Q: 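Before I ask anything, let me first share the structure, which is written out below as structure tokens.
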Amino acid sequence: MRSDLLADLLQHTWEHLLLVGLSVTVSILAGIPAGIACARHATLRRWLLGFASVMQTIPSLALFGFLIPVPWIGGIGTRTVVVALVLYALLPILRNTVVGLDGIDPAVRESAVAMGMTDSQMLRQVLLPLAAPTILAGIRLATVATIGTATIAAAIGGGGLGVFIFRGVGTVDSAQILAGAIPAAILALVADGGLAWIERRLSPL
């Protein structure tokens with residue numbers, strides 16, 4: 001019986017890690033380029049940050065419910081969960097990318113132009129490295145929040161550690177709830193500590 005519980009725990013922990021990893025990766029791939037574009041265009045910044053902010057205000061279960069009937073991205077299962085988690089993780093990554101780029105001293109940009117750098121060279125070699133600690137702080141926030149939010153995935157068949165929590169709530173079993181809550185908390189602490197260490201390494205002395 002104990003081996004079955006351990007196998008179940010490992011399976012749902014792995015599912016949880018996949019949900020979080022995929023969602024945060026997509027958010028990074030979408031959020032950083034969008035943040036770069038927002039830092040250059042005020043109108044785009046207003047619309048994208050406004051959209052991401054609105055997504056943050058929608059309760060998790062409600063957002064899942066809104067997405068289920070949407071063609072191509074909806075339905076019951078992992079796909080809808082990942083889309084919802086990406087929308088939730090987008091704001092801190094997008095906002096911190098904008099803040100990081102806006103916080104760079106204009107003299108640095110002028111020096112890069114004076115050295116003959118193109119816009120793409122300046123972005124890759126100067127601006128993004130300087131903004132990296134701030135961007136990583138946004139990724140850290142998004143990752144920790146996503147680990148917690150992903151526990152709701154079980155409500156629509158997305159798997160993960162939330163399976164234990166919902167099962168425990170349904171049967172009034174505290175042990176089942178803790179079996180989902182404790183590993184999720186540990187994952188969040190490990191992710192926060194690891195990303196904080198990388199953030200400190202990237203920060204200027």
Side-chain angles (χ1 to χ4, degrees), residues 13 16-60 63 81-109 111-112 117 119-153 160-161 181 183-205:
T13 301
H16 205 88
L17 287 171
L18 286 178
L19 287 173
V20 173
L22 180 58
S23 302
V24 173
T25 299
V26 173
S27 298
I28 292 170
L29 294 177
I32 293 178
I36 294 170
C38 287
R40 294 177 174 178
H41 305 287
T43 302
L44 186 62
R45 175 187 307 195
R46 185 167 59 251
W47 282 101
L48 285 182
L49 285 177
F51 170 78
S53 297
V54 168
M55 291 299 102
Q56 283 275 344
T57 65
I58 302 175
S60 306
L63 184 57
V81 173
V82 170
V83 172
L85 293 178
V86 167
L87 292 175
Y88 276 121
L90 192 59
L91 180 61
I93 297 173
L94 179 61
R95 182 174 55 201
N96 277 43
T97 301
V98 174
V99 170
L101 292 174
D102 282 352
I104 296 174
D105 192 332
V108 173
R109 299 173 185 266
S111 297
M117 286 188 174
D119 285 345
S120 61
Q121 288 175 329
M122 180 167 59
L123 179 65
R124 292 195 312 271
Q125 300 176 27
V126 179
L127 302 183
L128 284 179
L130 289 175
T134 305
I135 296 172
L136 187 59
I139 294 173
R140 177 183 168 193
L141 289 171
T143 302
V144 173
T146 301
I147 290 172
T149 307
T151 56
I152 310 295
L161 291 168
I186 292 172
L187 289 178
L189 289 172
V190 170
D192 184 60
L195 290 172
W197 180 81
I198 297 173
E199 187 181 333
R200 288 193 297 270
R201 298 280 294 180
L202 292 176
S203 297
L205 297 177

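As the structure is a prediction and not an experimental result, all values here were calculated from the model.
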Q: Could you tell me which residues satisfy side-chain contact (heavy atoms from CB on, under 4.5 Å) with T146, sequence neighbours excluded, listed by chain and number?
A: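 V20, S23, V24, L85, A89.
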
Q: Measuring from atom CG of L63 to atom CE of M55, what distance do you get when rounded to the nearest 0.5 angstrom?
A: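 Going from CG on L63 over to CE on M55, the span is 6.5 Å.
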
Q: Taking all heavy atoms of A52 and all of L94, pick out the closest pair and write down the distance.
A: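 What the structure gives for the nearest pair is CB-CD2, 4.2 Å.
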
Q: Mark yes or no for whether Y88, through its side chain, and A145, through its backbone, hold a donor-acceptor pair below 3.5 Å.
A: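 Not at all, since once roles are kept as given, no pair shorter than 3.5 Å links the two residues.
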
Q: Who pairs with L22 by side-chain contact (heavy atoms from CB on, under 4.5 Å), at least two apart in sequence or on another chain?
A: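 L22: side-chain contact (heavy atoms from CB on, under 4.5 Å) contacts with V26, V82.
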
Q: Roughly how far, to the nearest 0.5 Å, is CG of L17 from CG of L161?
A: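 One gets 8.0 Å once the value is rounded to the nearest 0.5 Å.
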
Q: Can you tell me how far OG of S60 sits from CG of L87, rounded to the nearest 0.5 angstrom?
A: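 L87 CG to S60 OG: 11.5 Å, rounded to 0.5 Å.
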
Q: State, to 0.1 Å, how close I147 and A191 come at their nearest heavy-atom pair, and which atoms those are.
A: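 Nearest heavy atoms, I147 then A191: CD1-CB, 3.8 Å.
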
Q: With sequence neighbours left out, what residues match D102 under side-chain hydrogen bond (donor to acceptor under 3.5 Å, both in side chains)?
A: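 Testing D102 for side-chain hydrogen bond (donor to acceptor under 3.5 Å, both in side chains), a comparison that skips the adjacent residues, returns R45.
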
Q: Pick one: which of L101, V98, V99, T97 meets side-chain contact (heavy atoms from CB on, under 4.5 Å) with I135?
A: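 Answer after filtering L101, V98, V99, T97: T97.
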
Q: In chain order, what residues pass the side-chain contact (heavy atoms from CB on, under 4.5 Å) check against L18, with sequence neighbours excluded?
A: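 By the side-chain contact (heavy atoms from CB on, under 4.5 Å) rule, L18 matches W14.
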
Q: If you look only at pairs with a residue in residues 50-60, which of them pass as a salt bridge (Lys or Arg N to Asp or Glu O under 4.0 Å), with sequence neighbours excluded?
A: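 Matches after skipping sequence neighbours: none remain.
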
Q: Would you list the pairs meeting salt bridge (Lys or Arg N to Asp or Glu O under 4.0 Å) in which at least one residue belongs to residues 81-98, sequence neighbours left out?
A: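 Qualifying pairs, neighbours excluded: none.
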
Q: With a 3.5 Å cut-off and sequence neighbours excluded, list the donor-acceptor pairs that the side chains of residues 121-131 form with protein atoms.
A:
from, atom 1, to, atom 2, distance (Å)
Q121, OE1, T118, N, 3.0
Q121, OE1, T118, OG1, 3.4

Q: Roughly how far apart are L136 CG and T143 OG1, rounded to 0.5 Å?
A: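 Atom-to-atom, L136:CG and T143:OG1 are 8.5 Å apart.
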
Q: From I28 CD1 over to L90 CG, what is the distance, rounded to the nearest 0.5 angstrom?
A: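 That separation rounds to 11.0 Å.
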
Q: Output the distance between atom CD1 (I139) and atom CD1 (I32), rounded to the nearest 0.5 Å.
A: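 These two atoms lie 4.5 Å from each other.
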
Q: The criterion is side-chain contact (heavy atoms from CB on, under 4.5 Å); which residues satisfy it with R140, sequence neighbours excluded?
A: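 With sequence neighbours excluded, R140 shows a side-chain contact (heavy atoms from CB on, under 4.5 Å) to D192, L195, A196, E199, given in chain and number order.
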
